[in-house]
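Report on one structure; see the data block that follows.
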Amino acid sequence: MPLIEDHILVGDLQTSCLMDRNGTMDWLCLPKFDSPAAFASLLGNKKHGAWQLAPQDKDAVPERSYRGDSAIAETVWSLPGRAVRVIDFMPPRTAGTQKQPQVIRIVQGVRGAVRMASRLHLRFNYGQVAPRRELQEQPFGTTRGLAVAGPDAVWLDSAVEPTDHADGTTLADFTVHEGESISFALTWQASHLPPPPCPHPGQALADTEAFWANWVARCTYQGRDWEPVIRSLITLKALTYDPTGAVVAAPTTSLPEELGGSRNWDYRYTWLRDSAITLSAFLRTGYREEASAWREWLLRAVAGDPERLQIMYTITGRRELPEAVLDLPGYEGSRPVRIGNAAAHQRQLDVYGEVVDTLHLAHESGLDHDDAYQLQTDLLNYIARHWREEDAGIWEVRGPNRHFVHSKVMAWVAVDRMIQQAEARGDTKPLRRWRRLRDDIHKDVCAYGYDEERNTFTQFYGSQELDAALLLIPQVGFLPPTDKRVIGTIEAVQRELSTTHGLLLRYPTAGSETGVDGLVGDEGAFLACSFWLVEALAMIGRSDEARDLFDRLLALRNDVGLLAEEYDPVRRRQLGNFPQAFSHFALVGAALRLASPNTDSSRDDALNSEATEPNTLVDEPVLAGRAR
């Protein structure tokens, strides 16, 4: 089975496909990110669906990359005196373009003659449904194959005549010569509709290249870390569902946080937290259209009932995400394989802060909206009524609810940002009440969430344990980076949650006294937390150490610049769903912080509470993050 990090992502802004180093596509959901998979061998074996296109000679050596700054994959296979290039991509499905998802694979002869093999094994509904197949002759020497089952139909167009094998595989053996180009196109269509038009692979490639070139040209970041930043932004864009503006946490489900373990979750949904922070990264790098689209999605998803705000929704804004278990072997035996996510109905107070903060940032960037201000006001009214209650926290624990410090801090953030907006709008009526609320939350956190003896904030009230989310306290402006409590917390987190390789855990799992997350097993180092440490170190003046850690984190990316959720420093393997939006927007935030470590805003209205020290808010704060 290929390693998680062996994969490269191609996508069309509505779904995506993963392909390993050997030219095998082993994960593809059709027609949307959260649809059942037609290729699911990533969580099983070939019989669950896959498509390999590679040289027949097993000695061929692949070298892959993205085609410039795009989501187009390119693999060059080399043999003595011979070479072939395979280009894999999905034409973007944006407004005014084609509506059917399509995977195109173009084989180009580079040197000599290379014998190739295509092995397509389609299985719908996560490998559970075998389609009916047929082949149809087409004009101009092309062949069109059809695989259909229930609501799904997939059409394979090629100039190579395939054959059907008894095990359900569609085979095509052919030779490509130097200067020759042979294309395959796999198109999904609802089975009750007429066949989709025949594709034009060359034109589709040119259009796809132009799309990504135009998109990348909008980026305003020009710093030292351009390459990892733009690759992360492209990845985040590829995880965006264009029709609604929603961003999936990852395009996969149940890739394990511990090999062989049970910490396997479905990430093909839109967490408000993740989406908010992604849009913060987009806004800070010049991508206003994406921010505007997400804001509209949010207003539709929450509708008129902020009291029932969920932490996550489907990419179309649907509320129900029932959790079920599939009968699949799992990645390297990691079971259960889950679809849906029962955490959807948890209460996580920090989400309110992240949503309000991002809408505030959108307002400061000129994306104002009266409905957004009203939504933020409604969310703040909810916080005012419930901030003293326990919740499941940023990491979506499945143990008891607690008074998590990070949740309280983000409740404070929501109030603080609304005070700033009200002042800017001249809305003086709620200011006195909101300022008192802000002070109350701040005093409460400092009184009950801070361990004076150890000089550190703790994971939850009364806890002795730590949480990497505490690193966000200075980033969101709750306390300035010069505050001794901030410095003590950063040093404590680095000391107590670091692995022997210098990466950070989210919180203690193995051997934890509290069993805070209610789960068995362990997990790897959480990559976003390590990027938070980069920012925290830079903010307290340890810039050289921050840069060293950042460079070590960049070295953990795979050969095409992608990151999963976690990293196992012992096995030196990536873990968790892949690629992970949270890891990539944390990378962007760390790069921006390194470029300007001491950026502070001139926002007025520091806290007037006796329990606090002068409060200096960072300009355009990077928000808190990832819960599972």
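We use all heavy atoms of the structure for the numbers below, so side chains are in, but hydrogens, waters and symmetry mates are not. Nothing here was measured: the structure is a model prediction, and the numbers come from that model.
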Output yes when a side-chain donor or acceptor of Asn125 lies under 3.5 Å from a complementary backbone atom of Gln128, and no otherwise.
-> no

Using the side-chain contact (heavy atoms from CB on, under 4.5 Å) rule, take Asp152 and Leu30 through it: C-alpha gap first, then chi angles, then the decisive distance, then the call.
-> CA-CA 8 Å; Asp152 299 297; Leu30 294 172; 5.6 Å; no

Taking the side chain as C-beta and beyond, is there a heavy-atom pair between Asp26 and His7 under 4.5 Å?
-> yes

Going from CG on Asp242 to CD1 on Ile315, what distance comes out if it is rounded to the nearest 0.5 angstrom?
-> 11.0 Å

Between Arg268 and Cys29, is any pair of side-chain heavy atoms under 4.5 Å apart?
-> yes

Pro201 versus Ile104: any side-chain heavy-atom pair under 4.5 Å?
-> yes

Gln14 and Arg93: side-chain donor and acceptor closer than 3.5 Å?
-> yes

Can Ile106 and Leu205 be said to form a side-chain contact (heavy atoms from CB on, under 4.5 Å), step by step?
-> CA-CA 9 Å; Ile106 300 176; Leu205 176 60; 4.1 Å; yes

Taking every heavy atom of Tyr126 against every heavy atom of Ser35, the minimum-distance pair comes out as OH-O, 3.7 Å

Donor-acceptor contact present, side-chain Trp27 to main-chain Pro251, <3.5 Å | yes

Which atom of Asp12 lies closest to which atom of Pro91, heavy atoms considered = CB-O, 3.1 Å

Is it true that atom CZ of Arg218 has more than 12 heavy atoms of other residues, nucleotides or ligands lying nearer than 6.0 Å?
-> yes

Is a donor on one side and an acceptor on the other found under 3.5 Å between the side chain of Asn558 and the backbone of Leu562?
-> yes

Pro162 vs Leu171 side-chain heavy atoms within contact, under 4.5 Å | no

Short N-O contact, Arg335 and Asp327, less than 4.0 angstrom | yes

Without swapping roles, check the side chain of Ser118 against the backbone of Ala172 for a donor-acceptor pair under 3.5 Å.
-> no

CG-CG distance between Asn341 and Leu321, expressed to the nearest 0.5 angstrom | 7.0 Å

Go through the side-chain N and O atoms of Glu565 and Tyr267 and say whether any donor and acceptor fall under 3.5 Å apart.
-> yes

Is any side-chain heavy atom of Thr220 closer than 4.5 Å to a side-chain heavy atom of Tyr287?
-> no

Salt-bridge criterion met for Asp57 and Arg115 (N-O under 4.0 Å) | no

Which atoms form the tightest heavy-atom contact between Leu233 and Ala281, and what is the distance?
-> CD2-O, 4.5 Å

Counting only N and O atoms by type, is there a donor-acceptor contact under 3.5 Å from the side chain of Ser191 to the main-chain atoms of Val148?
-> no

Would you indicate whether the side-chain heavy atoms of Gln574 and Leu556 approach each other to under 4.5 Å?
-> no

Is there a donor-acceptor pair under 3.5 Å between the side chain of Gln189 and the backbone N or O of Ala153?
-> no

Is there side-chain contact between Leu283 and Arg288, with at least one heavy-atom pair below 4.5 Å?
-> yes

Whether over 12 other heavy atoms sit under 6.0 Å from Glu63 CD = no

Scanning both residues in full, the closest heavy-atom pair of Thr314 with Glu320 reads CG2-O, 4.2 Å

Mind checking whether Tyr221 and Trp226 have parallel, tilted or perpendicular rings, split at 30° and 60°?
-> parallel

Residue pairs, two or more places apart or on separate chains, that pass ring-ring contact (aromatic ring centres under 6.0 Å, His included) and touch residues 32-53 = none

Rounded to the nearest 0.5 Å, what separation is found between the NE2 atom of His200 and the CG atom of Asp157?
-> 10.0 Å

Check the surroundings of atom CZ in Arg573: do more than 12 heavy atoms from other residues, nucleotides or ligands lie under 6.0 Å from it?
-> yes

Could you go through the side-chain contact (heavy atoms from CB on, under 4.5 Å) check for Ile72 and Glu209 one step at a time?
-> CA-CA 8 Å; Ile72 302 169; Glu209 287 186 299; 3.4 Å; yes

Verify the distance criterion only: is there a donor paired with an acceptor across the side chains of Thr143 and Glu161 at less than 3.5 Å?
-> no

Under 3.5 Å, is there a donor-acceptor pair between the side chain of Asn214 and the main chain of Ala210?
-> yes

With respect to Ser232, which candidate in Arg557, His584, Glu227 satisfies the side chain to side chain donor-acceptor pair (under 3.5 Å) definition?
-> His584

So do Glu354 and Leu272 actually touch side chain to side chain, heavy atoms under 4.5 Å?
-> no

Which of these, Asp266, Leu43, Leu18, sits in a side chain to side chain contact (heavy atoms under 4.5 Å, CB included) with Thr252?
-> Leu18

What's the spacing between Thr235 OG1 and Ile230 CD1 if we round to 0.5 Å?
-> 10.0 Å

All heavy atoms of Glu323 vs all of Ala342, minimum pair found to be OE1-N, 2.7 Å

Hey, does the side chain of Asp568 reach the backbone of Arg572 with a donor-acceptor pair shorter than 3.5 angstrom?
-> no

Residue pair Arg67, Asp88: steps toward the salt bridge (Lys or Arg N to Asp or Glu O under 4.0 Å) verdict = CA-CA 10 Å; Arg67 196 176 178 95; Asp88 296 288; over 6 Å; no

Indicate, with yes or no, if the rings of Phe531 and Phe585 have centres closer together than 6.0 Å.
-> no

Under 3.5 Å, is there a donor-acceptor pair between the side chain of Tyr66 and the main chain of Leu9?
-> yes

Can you name the nearest heavy-atom pair linking Val10 to Ala71, along with the distance?
-> CG1-O, 3.5 Å

List the steps, then state whether side-chain contact (heavy atoms from CB on, under 4.5 Å) holds for Phe211 with Thr94.
-> CA-CA 10 Å; Phe211 170 84; Thr94 57; 3.9 Å; yes

Which residues pass the ring-ring contact (aromatic ring centres under 6.0 Å, His included) test with Tyr313, sequence neighbours left out?
-> Trp297

Side-chain donor or acceptor of Thr358 paired with backbone N/O of Ala276 under 3.5 Å | yes

Residue Arg319 excluded, over 12 heavy atoms near CZ under 6.0 Å = yes

Any side-chain donor-acceptor pair under 3.5 Å between Trp265 and Asn577?
-> no

Checking side chain to side chain donor-acceptor pair (under 3.5 Å) against Gln108, which of Glu178, Arg85, Glu74 comes through?
-> Arg85

Report the relative orientation of the aromatic rings in Tyr269 and Trp271; use parallel for angles under 30°, tilted for 30 to 60°, perpendicular for over 60°.
-> tilted

Check the surroundings of atom NE2 in His345: do more than 12 heavy atoms from other residues, nucleotides or ligands lie under 6.0 Å from it?
-> yes

Exercise: do Asp167 and Thr169 side chains pair donor with acceptor under 3.5 Å = yes

Separation of Leu359 CG from Leu279 CG (nearest 0.5 Å) | 9.0 Å

dist Phe124:CZ -> Trp188:CH2 (nearest 0.5 Å) comes out at 9.5 Å

Assess the side chains of Asn264 and Ser334: does a donor N or O sit below 3.5 Å from an acceptor N or O?
-> no

